Number of protein chains: 2
Amino acid sequence: MTNDVPWLNAEEDRSWRAFVRLHQKLFRRLGADLETHSGLSGADFQILVALTDVPEGRLRFQDLAGAIDWERSRLSHQVSRMIKRGLVAREECAEDGRGAFVVITPQGREAIEAAAPRHLVVVRRLVIDALDPEDLAALGRISSRVLERIDAEPR
Amino acid sequence: MTNDVPWLNAEEDRSWRAFVRLHQKLFRRLGADLETHSGLSGADFQILVALTDVPEGRLRFQDLAGAIDWERSRLSHQVSRMIKRGLVAREECAEDGRGAFVVITPQGREAIEAAAPRHLVVVRRLVIDALDPEDLAALGRISSRVLERIDAEPR
DNA sequence: TAGCTGTAGTTGATACATCAACTATCTATG
DNA sequence: CATAGATAGTTGATGTATCAACTACAGCTA
């Protein structure tokens, strides 16, 4: 190993700090807006989107977890809270006695359908329309590249 | 469903989803790595960095909150936890009886000095060195532009 | 100087994230 | 078929984030 501490140079540091700050503020804002106007948290929203993405509105815990890249425990806790509020329901799994399905309820559908349009308006206003198409494409490319690196490291 | 909902087109959607995923995975990973190798959370790290950024290692709550863009309440809770672990201390403020300072302790300095180099290695490996300089610059530019939009909206 | 208004920071409640330990069921292998 | 090991999901503990309500002090104005 080298003795060098790999400090960032001025330009790298500027970019990195701006990005960190963006990370913090943007998703805080999006979550707060969602909560305020639709009573859904960012977590609720993610789950409901994943469920409406499949025809039945119904996924095994493991598949749902895979779709949104969450830990099992996190999903289990979150789903419990959402069941209490009637947004989703739990269904036993006939083929595998250990397994279970999460199903979106009519009330959950209503909630996501009410929340999504406004959420998209905000995403557009703050991000999509703030960037010219090349920058948006660059953001996608950059994100994918970093994600590859992350996934390449076992952890 | 109305037609005037501003859905994202395929390309926008790809970019946006990649970015959201990056947001979730990158900072989860950075936080976990920090926690594992230095016993500091991302929150601890941010506070300690802000404190070492000033000569005295000492800031009023309000200035610290401003520097890292946190709510007062969040900072208050976080500092309480850090005091318990000896990373920072609270000092009364002579000029303003309502105010207080947060000061980094020798133990806090030790912790941040131990944590920072490794943290930077990971940031470099996952992000800085994963991107060519133009993309990194683009990321900084993009971040700043979106941040401007966020700050322009009162909330 | 009494009272009003604003500011600094705290506190308690609730939701969320993460970890480790746990239960129940499945599957493979003898 | 017995059982060991793997897999699906749950649970409790702890730390973190956010909101609203609160205390205490500051500074202004009458």
Side-chain angles (χ1 to χ4, degrees), chain A residues 23-48 59-85 87-103 155, chain B residues 23-36 38-47 59-85 87-103 155:
Chain A
H23 152 73
Q24 299 189 133
K25 290 193 85 163
L26 176 59
F27 292 91
R28 196 137 85 224
R29 170 69 62 91
L30 291 176
D33 186 90
L34 213 46
E35 187 72 54
T36 301
H37 294 94
S38 64
L40 296 179
S41 67
D44 298 332
F45 189 83
Q46 260 190 98
I47 303 255
L48 294 177
L59 281 171
R60 283 284 296 268
F61 270 83
Q62 54 182 354
D63 298 329
L64 179 49
I68 60 182
D69 205 5
W70 280 26
E71 306 269 327
R72 295 162 175 189
S73 165
R74 183 182 178 187
L75 184 57
S76 181
H77 283 299
Q78 180 66 30
V79 167
S80 299
R81 288 188 295 264
M82 292 174 75
I83 288 173
K84 269 189 215 142
R85 293 188 294 141
L87 297 170
V88 298
R90 196 198 141 86
E91 272 180 20
E92 296 308 311
C93 176
E95 309 92 61
D96 189 333
R98 296 165 299 182
F101 289 94
V102 186
V103 201
R155 168 82 273 242
Chain B
H23 152 73
Q24 299 188 133
K25 291 193 85 164
L26 177 58
F27 292 90
R28 197 137 83 226
R29 169 69 60 91
L30 291 177
D33 186 89
L34 213 46
E35 186 71 54
T36 302
S38 64
L40 296 178
S41 68
D44 297 332
F45 189 83
Q46 259 191 98
I47 303 257
L59 282 170
R60 283 285 295 268
F61 271 83
Q62 54 180 353
D63 297 329
L64 179 49
I68 60 182
D69 205 5
W70 280 26
E71 305 269 330
R72 295 166 174 186
S73 166
R74 183 182 178 188
L75 183 57
S76 182
H77 283 299
Q78 180 66 31
V79 166
S80 298
R81 289 187 296 265
M82 293 175 75
I83 288 173
K84 269 189 214 141
R85 293 188 294 140
L87 297 169
V88 298
R90 181 194 316 266
E91 272 181 18
E92 296 310 309
C93 176
E95 310 92 62
D96 188 334
R98 297 165 299 183
F101 289 94
V102 186
V103 201
R155 209 286 79 161

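Letters go in sequence order (proteins before strands), and every chain restarts at 1. On a predicted model such as this, the values are computed, not experimentally measured, just so you know. Computed from heavy atoms alone, side chains included, the values below leave out hydrogens, waters and symmetry copies.
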Taking any heavy-atom pair under 4.0 Å as a contact, classify [X]: base, sugar-phosphate, or nothing.
X: B:Arg81; answer: base
X: A:Ser41; answer: sugar-phosphate
X: B:Glu35; answer: nothing

Phosphate OP1/OP2 of [N]: any [X] side-chain N/O under 4.0 Å:
X: A:Arg60; N: D:dA8; result: no
X: B:Arg72; N: C:dG9; result: no
X: A:Arg74; N: C:dC16; result: no

Closer than 3.5 angstrom, by distance alone: can the side chain of B:Ser76 be matched with the main-chain N or O of B:Arg72 as a donor-acceptor pair?
no
Out of C:dG9, D:dG9, D:dT16, whichever nucleotide has its closest atom nearest the side chain of B:Gln62:
C:dG9
Decide yes or no, distance alone: a donor-acceptor N/O pair under 3.5 angstrom between the base of [N] and the side-chain of [X].
X: A:Ser73; N: D:dT11; value: yes
X: A:Ser80; N: D:dT10; value: no
X: A:His77; N: D:dG9; value: no

Tell me which residues in residues 92-103 of chain A put a heavy atom below 4.0 Å from DNA chain C, sorted by number, or none.
A:Asp96, A:Gly97, A:Arg98
In this structure, how many angstroms lie between the C1' atom of D:dA17 and the NE2 atom of A:His23, rounded?
12 Å
What is the distance, rounded to the nearest whole Å, between atom CD of B:Glu71 and atom C1' of C:dA8?
14 Å
Any residue meeting salt bridge (Lys or Arg N to Asp or Glu O under 4.0 Å) with B:Arg60, in chain and number order, not counting sequence neighbours
B:Asp96
Could you tell me which residues satisfy side chain to side chain donor-acceptor pair (under 3.5 Å) with A:Gln78, sequence neighbours excluded, listed by chain and number?
A:Asp44, A:Arg81
